[in-house]
Amino acid sequence: LKYHYLDKHKEKQIRSLNVEIDEKGTEIMDLIQEDQDEGPEARAMDRELKDELKDALRHLTNRQKEVVIYFYIRRLSIGEISHRLGISYRTVVNTKTIAIKKLRKRMVK
């Protein structure tokens with residue numbers, strides 16, 4: 001009850017996306033729209049980077065691919081990956097480390 005009454009007296013602030021954040025009159029909403037509106041060059045570079053990554057992934061072992069996909073794509077923890085694959089926690093860490101080194105080597109030419 002005590003915390004309920006303490007929270008009740010706090011002032012709530014409502015923020016708008018149309019508030020100017022600098023002298024130029026830039027609003028938060030303008031920044032959000034800029035991020036979403038990619039030009040053709042940015043899309044082409046993204047596509048090229050994705051193709052490079054796919055090619056680099058082809059050079060990993062199946063186990064390394066599994067670990068990288070579970071960790072970075074499916075957002076599983078190391079513990080969850082080790083349980084799912086039936087291998088030790090340390091093996092997952094080592095496999096991920098080696099896979100990332102291989103990917104970096106392939107990507108940075």
Side-chain angles (χ1 to χ4, degrees):
L1 246 153
K2 175 183 173 183
Y3 293 109
H4 173 71
Y5 286 110
L6 289 174
D7 283 340
K8 193 172 189 167
H9 296 292
K10 288 183 181 177
E11 289 183 34
K12 295 184 181 181
Q13 294 180 352
I14 298 174
R15 298 185 188 248
S16 171
L17 295 177
N18 294 325
V19 175
E20 293 182 4
I21 57 173
D22 61 11
E23 310 82 40
K24 298 176 187 175
T26 305
E27 298 175 349
I28 296 172
M29 192 66 183
D30 296 333
L31 296 176
I32 293 170
Q33 289 172 349
E34 282 179 19
D35 288 345
Q36 293 174 352
D37 187 28
E38 294 181 348
E41 296 97 11
R43 285 193 297 270
M45 288 180 67
D46 281 347
R47 196 174 318 115
E48 191 174 314
L49 186 60
K50 286 177 185 176
D51 289 343
E52 257 184 79
L53 183 57
K54 284 178 187 176
D55 182 55
L57 283 168
R58 286 187 193 108
H59 292 86
L60 298 180
T61 65
N62 288 335
R63 175 63 54 87
Q64 290 169 343
K65 281 183 219 174
E66 282 180 311
V67 169
V68 168
I69 289 169
Y70 281 144
F71 190 78
Y72 290 104
I73 307 296
R74 296 191 179 161
R75 304 275 188 209
L76 296 180
S77 69
I78 300 291
E80 290 171 324
I81 297 169
S82 70
H83 178 70
R84 192 172 275 199
L85 296 178
I87 56 178
S88 74
Y89 183 93
R90 193 70 221 160
T91 302
V92 174
V93 171
N94 292 339
T95 303
K96 183 175 94 51
T97 303
I98 292 168
I100 296 305
K101 283 181 183 178
K102 281 184 177 180
L103 289 173
R104 280 191 183 135
K105 193 181 222 181
R106 292 293 243 174
M107 297 290 289
V108 182
K109 286 186 177 183

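Just so it is clear, the model here is predicted, and its values are computed rather than measured.
- From Leu57, atom CG reaches atom NZ of Lys50 across 13.0 Å, with rounding to the nearest 0.5 Å.
- For the pair Ile81/Phe71, a side-chain contact is recorded, criterion being any heavy-atom separation below 4.5 Å from C-beta on.
- Between Val67 and Thr95, the closest heavy-atom pair is CG2-CG2, 3.9 Å.
- Of the inter-residue distances, the one linking Asn94 atom CG with Ile87 atom CD1 reads 9.5 Å to the nearest 0.5 angstrom.
- The minimum heavy-atom distance between Val68 and Ala99, with the atom names listed, is CG2-CB, 3.6 Å.
- In the hydrophobic cluster analysis, where Ile, Leu, Val, Met, Phe, Trp and Tyr join through side-chain heavy atoms closer than 4.5 angstrom, Ile98 is grouped apart from Tyr70.
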Q | Intermediate values then yes/no, side-chain contact (heavy atoms from CB on, under 4.5 Å), Leu49 and Met107 | A | CA-CA 9 Å; Leu49 186 60; Met107 297 290 289; 3.6 Å; yes
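- Of all heavy-atom pairs between Gly79 and Tyr89, the closest is N-CE1, 3.8 Å.
- Note that CG of Leu76 and OG of Ser82 are 10.5 Å apart. Values are rounded to the nearest 0.5 Å.
- Between Arg63 and Leu85, the shortest heavy-atom distance links the atoms CD-CD1, 4.0 Å.
- The shortest distance between side-chain heavy atoms of Ile100 and Tyr72 falls below 4.5 Å.
- In this structure, Arg84 CZ and Glu80 CD are separated by 7.5 Å, a value rounded to the nearest 0.5 Å.
- Under the 3.5 Å distance criterion, the side-chain polar atoms of Thr97 are matched with a main-chain donor or acceptor of Val93.
- Between Lys102 and His59 there is no side-chain heavy-atom pair separated by less than 4.5 Å.
- One finds the CD atom of Gln64 at 12.0 Å from the NZ atom of Lys96 (value rounded to the nearest 0.5 Å).
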